[in-house]
Amino acid sequence: MGYVGFANLPNQVHRKSVRKGFQFTAMVVVLFYSPFCDSSFAGESGLGKSTLINTLFNTTLYPQNKEVLPPSADRPKTVSIESISADIEENGVRLRLTVVDTPGFGDFVNNEDSWKPIVENIESRFDAYLEQENRVNRQKIVDNRVHACLYFIQPTGHSLKPIDIEFMRRLHAKVNLIPIIAKADTMTDEEIANFKERVLNDIAYHKIHIFEAPTYDNEDEEALAEQEEIASKIPFAIVGSNQLVHTPDGRQVRGRSYPWGVIEVDNEEHCDFVKLRQMLIRTYMEELREHTNSYLYEAYRSEKLLGMGV
Ligand code: GDP
Ligand code: MG
């Protein structure tokens, strides 16, 4: 398979970022449902976000700085949002990736405002950027804006839950939303196909804007095929694992072992992990950054300035 996109994009912005290295912030949102609020559920783990982060970068990321949100009177419980950074290299390009993790999110009796800390986090990053832009010396602007939000959907096989809809609607004007079906290995191919369709219908019905992978007509055939392939996989059905397992035919792969066989993380026949990774750090990284800057941030900025009567 040839390399497409990222490293070959012929635009200025891209070349500049290749030279300097750059920052890219993805936000991982995991909905942790505990509808029964029962202690037997207390130990239940989430939907696999830590696993996916590690799978994505084939590494173990350690928390570097913990951003603890200021206590707020209208927030019933302190929610800590952690950001984890790692330098990775893709096609010889150095890239700092920060993942914003939201532990225990959604895990409240009252989930009504659970989107708030996340939206506040995104906005505070916009504010930090705006503040730097307004400085006299604008030489070294650090871009810590969130460029993508991977939204984990529980693999229920039904449709989106009200809290998913609420959450995505609160987020979609602030961040590039990329919906993900978590733990896709718990569903059959057919169930996944049906679930994807339902999720997309719900998203359309509720007028939720998710990141749309653009396709460019002037690309070569291979690039175009890759773009169409990525677009067709959304919402990505994801299996995460850092465990090496043996396949029946004797290969060692990252995957999950079941009595009936092995699900391979890096096998496109088995799940959409490869496509998701490709989208995030190769094919559409520029688009994600560009859309954040020219559209999402710009909208926030004008609204803010209007609000200040500027
Ligand atoms: P987090 O709380 O969202 O960060 O979830 P973790 O990454 O800690 O994963 C919670 C549990 O789910 C762990 O036991 C993982 O091994 C398991 N897990 C993570 N990803 C997957 C997956 O894609 N499929 C399955 N079946 N289990 C997963
Ligand atoms: Mg975790």
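We're numbering straight along the sequence, starting at 1. In each ligand, atom 1 is the first atom listed, and ligand 1 is the first ligand listed.
Atoms of ligand 1 lying under 4.0 Å from any heavy atom of G240, numbered from 1 in the order shown and given with element: 20 (N), 21 (C), 22 (C), 23 (O). Atoms of ligand 1 found under 4.0 Å from any heavy atom of Y258 (numbered from 1 in listed order, with element): 26 (N).
Under the side-chain contact (heavy atoms from CB on, under 4.5 Å) rule, V146 has a single partner from N176, L171, I122, L288, which is I122.
The structure places CZ of R256 at 10.0 Å from CD1 of I263, a figure rounded to the nearest 0.5 Å. Rounding to the nearest 0.5 Å places CZ of F126 at 12.0 Å from CZ of R301. For the atom pair CZ of R277 and CZ of F236, the computed distance is 13.5 Å after rounding to the nearest 0.5 Å.
By the 4.0 Å N-to-carboxylate-O rule, K304 lies too far from E123 to be salt-bridged with it.
Considering both main-chain and side-chain atoms, T186 never comes within under 3.5 Å of ligand 1 through any nitrogen or oxygen pair. Between V239 and ligand 1, no pair of N/O atoms sits closer than 3.5 Å.
Closest to atom 25 (C) of ligand 1 by heavy atom, among T55, I238, D185, V265, is D185.
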